[in-house]
*Asks:* 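My questions will all concern the structure given below.
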Amino acid sequence: MGAKSKWLAGDVPAARSILALAFQANPNSEEIWLAAVKLESENNEYERARRLLAKARSSAPTARVFMKSVKLEWVLGNIEAAQELCEEALKHYEDFPKLWMMKGQIEEQEEQTDKAREAYSQGLKKCPHSTPLWLLLSRLEEKIGQLTRARAILEKSRLKNPKNPGLWLESVRLEYRAGLKNIANTLMAKALQECPSSGVLWSEAIFLEARPQRRTKSVDALKKCEHDPHVLLAVAKLFWSERKITKAREWFHRTVKIDSDLGDAWALFYKFELQHGTEEQREEVRRRCENAEPRHGELWCAVSKDIANWQRKIGEILVLVAARIKNTF
């Protein structure tokens with residue numbers, strides 16, 4: 001934290017020297033190695049970051065150190081180096097799902113669909129409980145028009161991981177995207193039976209309803225999970241869609257107060273203020289978001305984890321995510 005505060009104040013050399021002292025005291029700490037790497041890569045010192053990672057792999061070779069090594073080469077466009085490191089990492093940490101995810105995503109980026117499918121499938125043999133891996137594989141099939149295959153993958157994933165809201169949610173959305181609204185509704189009913197207190201499912205269920213029924217559904221959702229940020233966010237969106245501006249704003253405030261780590265809530269709140277707020281209100285949402293440093297949320301991570309945006313600051317990501325949101329709910 002000491003190093004971070006120096007760095008944020010713009011004093012990179014001081015941050016370096018604090019981390020150097022930390023190294024002497026804790027030579028094998030993964031946290032300190034990765035903090036040093038982050039300091040260098042965020043200040044465009046890629047060679048230094050690369051050397052640090054190479055040292056870390058010999059003295060503190062953890063799965064995360066390997067993952068960050070792969071990521072650095074990937075974002076810098078050194079695809080072959082990234083793939084080699086990924087292969088090496090998987091020899092040591094084949095049960096670390098993020099390595100398989102990266103392997104597949106790099107292949108997808110290189111338009112090697114078969115190799116990507118192979119990577120995700122191999123990964124799932126080792127990590128059958130990784131929801132993101134199942135989603136990557138089913139979306140890969142959906143993307144190339146293999147709806148039946150995508151559906152089968154999700155059914156298999158739910159068998160292996162019962163009561164998993166994320167997998168149910170994707171199953172519902174797959175049908176919805178394919179225009180099969182009736183099947184989507186049937187699946188949602190099953191999903192809520194299996195996961196009755198899942199906020200992500202309830203918040204989606206509200207907007208699957210026709211407009212006149214949404215209010216009733218939102219009351220049910222609040223009964224089942226009253227303090228869930230996803231449900232609070234859905235209620236804010238509901239008021240927004242009904243043009244009840246003051247109430248919507250109130251519920252956005254509640255949402256970010258209960259979970260300031262949910263990037264999606266900040267992005268929706270910002271989009272809302274862009275349309276209905278003053279310059280001050282927009283700035284306040286942006287400032288609070290930058291202080292909260294959110295890391296989670298589906299829309300948020302789609303932008304923040306995109307290789308193209310790896311150097312973007314929180315405020316920039318907020319604007320990008322808000323720009324992607326279509327308020328057609």
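All residue numbers in this chain count up from 1 along the given sequence.
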*Asks:* Just say parallel, tilted or perpendicular for the rings of Phe252 and Trp240, cut-offs at 30° and 60°.
*Replies:*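 The arrangement is perpendicular - the two ring planes meet at more than 60°.
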
*Asks:* Between the side chains of Glu290 and Lys313, is the shortest nitrogen-to-carboxylate-oxygen separation below 4.0 Å, so that they form an ion pair?
*Replies:*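 A salt bridge is absent here (no side-chain N lies under 4.0 Å from a carboxylate O).
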
*Asks:* With sequence neighbours excluded, give me every side-chain hydrogen bond (donor to acceptor under 3.5 Å, both in side chains) pair touching residues 250-259.
*Replies:*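 Listed once each, the pairs are His253-Arg288.
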
*Asks:* Once salt bridge (charged side-chain N to carboxylate O under 4.0 Å, His left out) is applied, what residue pairs with a partner in residues 188-205 remain, sequence neighbours excluded?
*Replies:*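 For residues 188-205: Arg173-Glu204.
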
*Asks:* Return the set of residues passing salt bridge (charged side-chain N to carboxylate O under 4.0 Å, His left out) with Glu87 (not counting sequence neighbours), or none when no residue passes.
*Replies:*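 So Glu87 forms a salt bridge (charged side-chain N to carboxylate O under 4.0 Å, His left out) with Lys103.
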
*Asks:* Can you confirm whether more than 12 heavy atoms, excluding those of His227, are under 6.0 Å from its NE2 atom?
*Replies:*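 No - once you tally the heavy atoms of other residues, nucleotides and ligands closer than 6.0 Å, there are 12 at most.
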
*Asks:* Tell me which one of Arg117, Arg139, Lys115, Lys143 satisfies side chain to side chain donor-acceptor pair (under 3.5 Å) with Glu108.
*Replies:*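 Between Glu108 and the candidates, side chain to side chain donor-acceptor pair (under 3.5 Å) is satisfied uniquely by Lys143.
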
*Asks:* List in chain and number order the residues that pass side-chain hydrogen bond (donor to acceptor under 3.5 Å, both in side chains) with Trp100, two or more places apart in sequence or in another chain; answer none if no residue qualifies.
*Replies:*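 If we apply the side-chain hydrogen bond (donor to acceptor under 3.5 Å, both in side chains) test to Trp100, skipping adjacent residues, there are no hits.
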
*Asks:* So among Arg249, Arg282, Arg286, which one has a salt bridge (Lys or Arg N to Asp or Glu O under 4.0 Å) with Glu273?
*Replies:*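 Result for salt bridge (Lys or Arg N to Asp or Glu O under 4.0 Å) with Glu273: Arg249.
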
*Asks:* Test salt bridge (Lys or Arg N to Asp or Glu O under 4.0 Å) on Glu293 and Lys4; report intermediate values, then the result.
*Replies:* CA-CA 14 Å; Glu293 295 189 2; Lys4 185 177 181 181; 3.3 Å; yes

*Asks:* What residues, two or more places apart in sequence or in another chain, satisfy side-chain hydrogen bond (donor to acceptor under 3.5 Å, both in side chains) together with Arg295?
*Replies:*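 Once residues adjacent in sequence are excluded, Arg295 has no partner under the side-chain hydrogen bond (donor to acceptor under 3.5 Å, both in side chains) criterion.
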
*Asks:* Sequence neighbours left out, cut at 3.5 Å: what donor-acceptor pairs do the side chains of residues 215-223 make with other protein atoms?
*Replies:*
unit_1, atom_1, unit_2, atom_2, d
Arg215, NH2, Glu242, OE1, 2.8
Ser218, OG, Arg215, O, 2.6

*Asks:* Side chains of Arg158 and Ser171 only: does a donor on one sit below 3.5 Å from an acceptor on the other?
*Replies:*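 There is such a pair between these side chains.
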
*Asks:* Is the distance from the ring center of Tyr120 to that of Trp134 below 6.0 Å?
*Replies:*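 When the ring centroids of Tyr120 and Trp134 are compared, they turn out to be at least 6.0 Å apart.
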
